[in-house]
Asker: 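Provided herewith is a single structure, encoded as structure tokens, for subsequent inquiry.
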Amino acid sequence: EYMKYKDPKQPINTRIKDLIGRMTLAEKIGQMTQIERQVASADVMKKYFIGSILSGGGSVPAPQASPSIWVSMVNEFQKGALSTRLGIPMIYGIDAVHGNNNVYNATLFPHNVGLGATRDPDLIKRIGEATALEVRATGIQYTFAPCIAVCRDPRWGRCYESYSEDHTVVQQMTDIILGLQGEIPVNHTKGVPYVAGKDKVAACAKHFVGDGGTHNGINENNTIIDEHGLLSIHMPPYYDSIIKGVATIMVSYSSLNGVKMHANHDLGFVISDWLGIDRITSPPGENYTYSVQAGINAGIDMVMVPYNYTDYIDDLTSLVHKGIVNMNRIDDAVRRILRVKFTMGLFENPLADLSFADQLGKKEHRELAREAVRKSLVLLKNGNPPNQQFLPLPKKARRILVAGSHASNLGYQCGGWSIQWMGSSGDITTGTTILDAIKSTVADSTPVVYSENPDESFMKHNDFSFAIVVVGEPPYSETVGDSTDLTILDPGPDTIRTVCSAVKCVVVIVSGRPVVIEPYVPLMEALVAAWLPGTEGQGVADVLFGDYGFTGKLPRTWFKSVDQLPMNVGDPHYDPLYPFGFGLAINSS
Ligand SMILES: OC[C@@H]1[C@@H](O)[C@H](O)[C@@H](O)c2nc(CNc3ccccc3)cn21
């Protein structure tokens with residue numbers, strides 16, 4: 001029989017009103033529930049009216065799963081959702097934060113800190129477009145990106161997920177939303193969620209608010225800041241995201257002046273973080289009923305449970321029956337969720353197909369990533385006076401040495417949130433290491449010798465024209481990445497000392513943030529910040545050997561010593577090694 005909510009010709013508000021009027025409490029609470037794929041099945045979807053599923057970091061249907069395996073899994077769950085009385089489609093979310101990074105063979109773009117160095121919003125928008133296609137290749141319609149944190153202290157383990165310490169750079173980079181979700185039509189009401197269609201995905205501005213301003217960069221900790229500081233530093237990127245039609249906003253684990261954001265009171269829909277409401281109490285989960293009450297009444301619309309969904313559903317149901325959570329709050333939450341699902345056409349196209357399968361890791365996207373790598377490189381030193389500049393390197397040379405822990409390690413150059421939640425070392429996916437990039441860039445007649453950590457004898461008994469030393473940080477995510485010393489992974493410093501005292505060298509730093517480098521700068525001819533470039537290492541060689549110039553500018557202050565932290569551009573005691581915005585160019589004379 002005809003039902004208004006199923007009619008795409010009806011205005012969205014009419015469809016929402018009609019559908020919500022038909023829904024039972026159980027169906028409404030189901031929409032407010034997001035579960036992890038490991039506890040999901042078609043039967044669970046049908047029985048509990050679940051509205052959303054996610055892949056946590058590294059959670060894949062099979063190692064190196066192909067697009068067709070992903071699509072089959074997503075469609076299996078979707079058929080369960082569609083078999084419910086009202087047939088409300090589910091939405092599947094994943095952290096595609098630098099490409100569809102959990103998926104083998106996906107293009108992994110530079111992490112956000114590197115994209116901030118490009119100062120190129122159009123590039124970032126194109127990255128959003130490519131990312132949307134590679135997410136849809138796996139049948140997924142929703143990504144927990146962009147992270148629009150304004151990281152104020154590089155000791156924070158998630159600082160590489162932040163575009164910049166300067167909110168204006170972060171605001172510029174919210175253009176990625178237009179790539180992920182699609183450009184907003186002129187007649188679309190500003191601030192209302194917008195997702196164009198089958199080749200676009202719903203996005204998620206995160207983590208609301210002040211995640212990048214926690215005390216001493218301690219993850220999930222307390223952001224102590226006055227209203228002016230909050231509204232002038234951390235909030236502005238949310239205005240830009242909402243104006244650009246962002247579909248969802250994820251709440252931060254962190255607290256604001258002692259109040260947990262997950263329990264703090266006002267968008268598309270608001271989603272909690274993983275176990276986010278459990279962490280309202282300390283210890284987490286101590287009083288789950290209270291967590292549900294506080295979270296939902298604070299304005300969370302969908303909870304990323306992600307495992308104990310029957311507790312969540314039972315607790316919320318009884319809170320509503322007791323009138324502790326008002327039905328108006330439930331209806332508000334469900335309306336926001338349905339608005340996103342209707343506006344993105346999920347009711348008309350609930351099932352994925354393989355029409356985007358060839359988008360995964362396709363050449364054009366890798367070339368785009370390579371362009372992003374080129375533009376993300378920041379030249380910090382080039383030559384020791386009175387000599388001429390050292391870079392660009394000649395492609396023809398007698399013999400080149402490539403050394404360092406990060407020269408031939410795809411996992412290291414991708415960083416966290418790469419195939420595994422915390423990333424990992426070695427050949428994690430398809431791509432080009434910096435070593436391979438150098439080899440394919442130099443003249444055929446030029447020998448390239450690779451030694452990860454050569455000793456003095458090796459250096460003494462070998463003759464090189466120059467050396468490229470690639471060192472930096474190991475991959476990390478979230479709290480594991482919190483650091484108070486910010487040192488380069490051993491034996492990086494030794495490699496710099498041993499190689500650069502024996503032959504002229506350029507040091508390339510692969511890191512998620514500024515690291516301790518000041519003691520070694522005098523030893524080197526040139527210094528390049530490469531951040532976390534992702535799979536397309538060719539972009540590094542493109543610039544080192546002069547096929548392209550250096551255009552990157554520091555998106556963050558590079559400190560002299562960690563004792564100076566926190567230290568941001570504009571601070572009175574500003575005494576950096578290299579200031580925010582710094583970046584040398586090759587003079588073409
Ligand atoms: O992966 C979902 C979210 C992510 O979008 C948030 O940015 C981040 O804060 C976040 N942390 C976790 C918890 N970490 C986790 C990751 C993989 C397996 C188990 C736990 C999940 N999530």
Side-chain angles (χ1 to χ4, degrees), residues 33-40 52-61 91-103 111-113 131 135 138 140-151 156-163 176-177 180 201-214 217-221 223 237-238 241 246-255 260-262 268-280 284-285 295 300 302-309 415-424 475-482 512:
T33 309
Q34 183 181 70
I35 66 177
E36 220 283 334
R37 53 164 285 281
Q38 295 158 61
V39 297
S52 183
I53 299 177
L54 85 145
S55 277
S59 179
V60 299
I91 188 166
Y92 195 109
I94 197 165
D95 296 273
V97 294
H98 66 130
N100 196 358
N101 40 257
N102 288 305
V103 176
H111 269 293
N112 286 355
V113 63
T131 300
V135 171
T138 54
I140 294 170
Q141 320 100 341
Y142 176 25
T143 177
F144 306 122
C147 175
I148 56 173
V150 182
C151 171
W156 186 36
R158 306 193 73 169
C159 204
Y160 67 89
E161 296 183 63
S162 168
Y163 292 108
I176 191 168
I177 293 164
L180 289 166
V201 293
C204 178
K206 72 184 186 182
H207 311 77
F208 187 85
V209 65
D211 52 347
T214 53
I218 302 166
N219 193 41
E220 300 185 23
N221 205 265
T223 298
Y238 285 91
S241 299
V246 77
T248 75
I249 288 183
M250 187 184 290
V251 177
S252 182
Y253 287 131
S254 56
S255 303
K260 287 275 182 179
M261 280 313 300
H262 275 76
F269 63 84
V270 172
I271 186 167
S272 77
D273 204 336
W274 180 285
L275 291 175
I277 62 169
D278 308 55
R279 297 181 191 179
I280 289 173
I300 289 172
M302 181 184 283
V303 169
M304 186 187 290
V305 179
Y307 298 127
N308 60 322
Y309 56 91
W417 296 103
S418 302
I419 307 299
Q420 297 301 328
W421 173 37
M422 300 203 185
S424 57
Y476 50 79
S477 290
E478 303 191 48
T479 306
V480 167
D482 283 3

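Every value quoted in this text rests on a predicted model; they were computed, and no experiment measured them. Note that ligands are numbered from 1 as they come in the structure, with each ligand's atoms numbered from 1 the same way. Computed over heavy atoms, backbone and side chain alike; hydrogens, waters and symmetry mates excluded.
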Asker: Under the disulfide bond (SG atoms under 2.5 Å apart) rule, collect the residues that match up with Cys151, sequence neighbours excluded.
Answerer: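 Disulfide bond (SG atoms under 2.5 Å apart) check on Cys151 returns Cys159.
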Asker: Using the side-chain contact (heavy atoms from CB on, under 4.5 Å) definition, which of the options Glu220, His262, His207 pairs with Ser252?
Answerer: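 Checked Glu220, His262, His207 against Ser252; only one passes side-chain contact (heavy atoms from CB on, under 4.5 Å): His207.
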Asker: Tell me, which residues have any heavy atom less than 4.0 Å from some atom of ligand 1?
Answerer: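 Its neighbours under 4.0 Å (heavy atoms only) are Leu54, Gly57, Asp95, Phe144, Arg158, Lys206, His207, Met250, Tyr253, Asp273, Trp274, Met304, Trp417, Trp421, Glu478, given by chain and number.
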Asker: What pair of heavy atoms forms the shortest contact from Ala40 to Ile53, and how long is it?
Answerer: CB-CD1, 3.9 Å
Asker: Quick check for you: to the nearest 0.5 Å, what is the distance between Ile280 atom CD1 and Ile300 atom CD1?
Answerer: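 The CD1 atom of Ile300 is 5.5 Å from CD1 of Ile280, to the nearest 0.5 Å.
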Asker: Among Trp156, Tyr160, Trp421, whose ring-ring contact (aromatic ring centres under 6.0 Å, His included) with Tyr476 holds?
Answerer: Tyr160
Asker: Calculate, to the nearest 0.5 Å, the distance between atoms CZ and SG belonging to Arg158 and Cys147 respectively.
Answerer: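 Answer rounded to 0.5 Å: 6.0 Å.
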